[in-house]
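Beneath this line is the structure, given in structure tokens, with notes to follow.
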Amino acid sequence: MSSKRLGSIFGALAVLAGLATGDLVATFNSSWSSPVISLGNRVIDYAPSIVKRYVIQIFGLYDKVFLVSLIILIVVAISIFFGRAFAAGREKTAYLTIAAMVAASGVAALFDAQANLTSLAPTLVSGGTTIYVLRWLGGKKKESELAEGSLSRRELLRAAAILGAVSISASALGKALNQKTTVARERIAIALPKPLKFLAKPPADPALKIAGLSPFFTPNKDFYRIDTALSVPNLSVDDWTLEIVGMVKNPLRFTYAQLIARPVFELDDTIACVSNEVGGPLVGNARWLGVRLDDLIREAQPTADSDQIMGYSHDGFTAGFPLATLDGRDAMIAIGMNGEVLPTEHGFPARIIVPGLYGYVSATKWLVRIELTRFDKKQGFWISRGWSERAPIKTQSRIDTPATGSEITAGTVAIAGVAWAPTRGISKVEVRVGSGPWRVANLGEVIADTTWRQWWIDWNASAGDYIIAVRASDGDGNVQSEQYVSIEPNGAEGWHSIKVRVLV
Ligand SMILES: Nc1nc2c(c(=O)[nH]1)N[C@H]1C(S)=C(S)[C@@H](COP(=O)(O)O)O[C@H]1N2
Ligand SMILES: [Mo]
């Protein structure tokens, strides 16, 4: 086998072993990350938003899989380079290349949200393993050259197999030791506190009768997710605390047990993402359980000149909203979602929920700190990236069924969907088929103006092609406007419309 090819294989094997041990070591401490994850997080932090948008458009939910694969690919490409240098006897070049990779990944690790000097451990072990394996393979090569002139294919295969097995068991062991398992077990064992008063059960869900209509409560497993973090933080309640600090006279700090021992209440609230396109899926409704934010902030005694509440996530994400939003609208620190302990993906152990505000300015998941501050001093994560500082959820409506582009048979067809305008509530939904008149739709019963309302209307469909549009009016009497406005900087506007073909 040529020295070049051998070198490539040595380099790639060495780096894969290095990555595997890095992953393994990263599981030893909850504030350490595997080198690939740290690098990925820095790419997410610094990539221009146009690139991010493009990647999300192409890869959708797999954007992070794409990023991680890309990083591994680049690392392997570099490893082929240093492997060849090593095999060609230019050992210094090989070591310098590895040192440069370790430096890059070390810097990336130091910028992780909870980083300290020990956060370098996964990277250092990774780099050390890479060099060790490279030298070991190089030694094997020399041995076999002395014995029979060149390294045989069989020996190479054996070395690769051993390394592969070691790497796989290292990452398997990593998984077994993983924080994730511990936290998942912890979560299951938690008994949620009971609210002073349970909310009424909502009336029978019209979605039971209308196929395709969103259920009133979005099941947790179907609830949309928006995270800037590359991997979902797994926070153990054992060492989790929530502090309320900054421009306050009485800083507070709670353990999880202390937080959930406080009075809790239930809230039916629809949350939405500012990036939701007209008719899009980034909106969901849940029955949240939590501690009233107004009470906690009052106890902390904000100074008279503070005007912003900033939530900090364990992963470094931040979101700020006006202190004046605490006007009795039931903002909370949520610990439960739809009768379950808050799912890890949705912010376990705790997150903020503020009715009527888009998630990016309010709904901090994996919450660890609340800071009272001023808008002219601090900005949340998305603000410097071009999104509005204040962002109430706009009045919107969506047609769930029929699906756009579908072919349906003539007869009575249900047109149905959801409309939302937390905290104003929905007062009317109208539907227009083709150039026909606007018809007023039936509305589902709700117990709060903070949730979406389901709507539906029967349509006597005859053969032909149709465009169906919907518009909602909110509790303030605003009618959703037709004019399309793009999601950036503070949410999309316009009517959702669909196209259907009715067949005889
Ligand atoms: N830590 C953290 N919290 C976060 C975010 C995030 O990226 N990281 N995204 C926010 C945004 S943009 C939205 S729309 C909501 C989404 O909440 P969900 O993922 O539970 O649906 O969470 C908010 N809280
Ligand atoms: Mo969002």
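Read the numbers this way: they start at 1 and go in the same order the structure lists the ligands and their atoms. FYI, side chains are in, hydrogens and waters are out, and symmetry mates aren't considered; it's all heavy atoms of this structure. As the structure is a prediction and not an experimental result, all values here were calculated from the model.
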Region of [X] that comes within reach of ligand 1 [heavy atoms, distance under 4.0 Å]:
X    : value
F381 : neither
Y358 : neither
D315 : side chain
F317 : side chain

What protein heavy atom lies closest to [atom]? Include the residue and the distance to one decimal.
atom                    : value
atom 9 (N) of ligand 1  : I226 O, 3.1 Å
atom 3 (N) of ligand 1  : K365 N, 3.0 Å
atom 7 (O) of ligand 1  : T228 N, 2.8 Å
atom 13 (C) of ligand 1 : G359 CA, 3.7 Å
atom 24 (N) of ligand 1 : A363 O, 3.0 Å

SB check K365 D227 (cutoff 4.0 Å):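 A salt bridge links K365 with D227.
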E266/K197 salt bridge by N-O under 4.0 Å criterion: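 No salt bridge links K197 with E266.
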R292 charged N/C atom sitting above F265 aromatic ring, 6.0 Å / 45°: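 So R292 does make the cation-pi contact.
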Lys/Arg cation over aromatic Y360: R385, 6.0 Å, 45° cone: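 No cation-pi geometry.
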Ring center gap for W438 and W495 short of 6.0 angstrom: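 They qualify: ring centres under 6.0 Å apart.
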4.0 Å heavy-atom contact, R351 with ligand 1: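 Judged by the 4.0 Å heavy-atom criterion, R351 does count as contacting ligand 1.
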Considering the heavy atoms of [X], write down every atom of ligand 1 situated less than 4.0 Å from one of them.
X    : result
F223 : 21 (O)
C273 : 14 (S)
S313 : 1 (N)
Y360 : 11 (C), 12 (S)

CD1/I50: more than 12 non-hydrogen atoms of other groups inside 6.0 Å: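 For I50, atom CD1 is not crowded (no more than 12 foreign heavy atoms under 6.0 Å).
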Any D45 side-chain heavy atom under 4.5 Å of F111 side chain: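 A side-chain contact is absent here, since even the closest heavy-atom pair is not under 4.5 Å.
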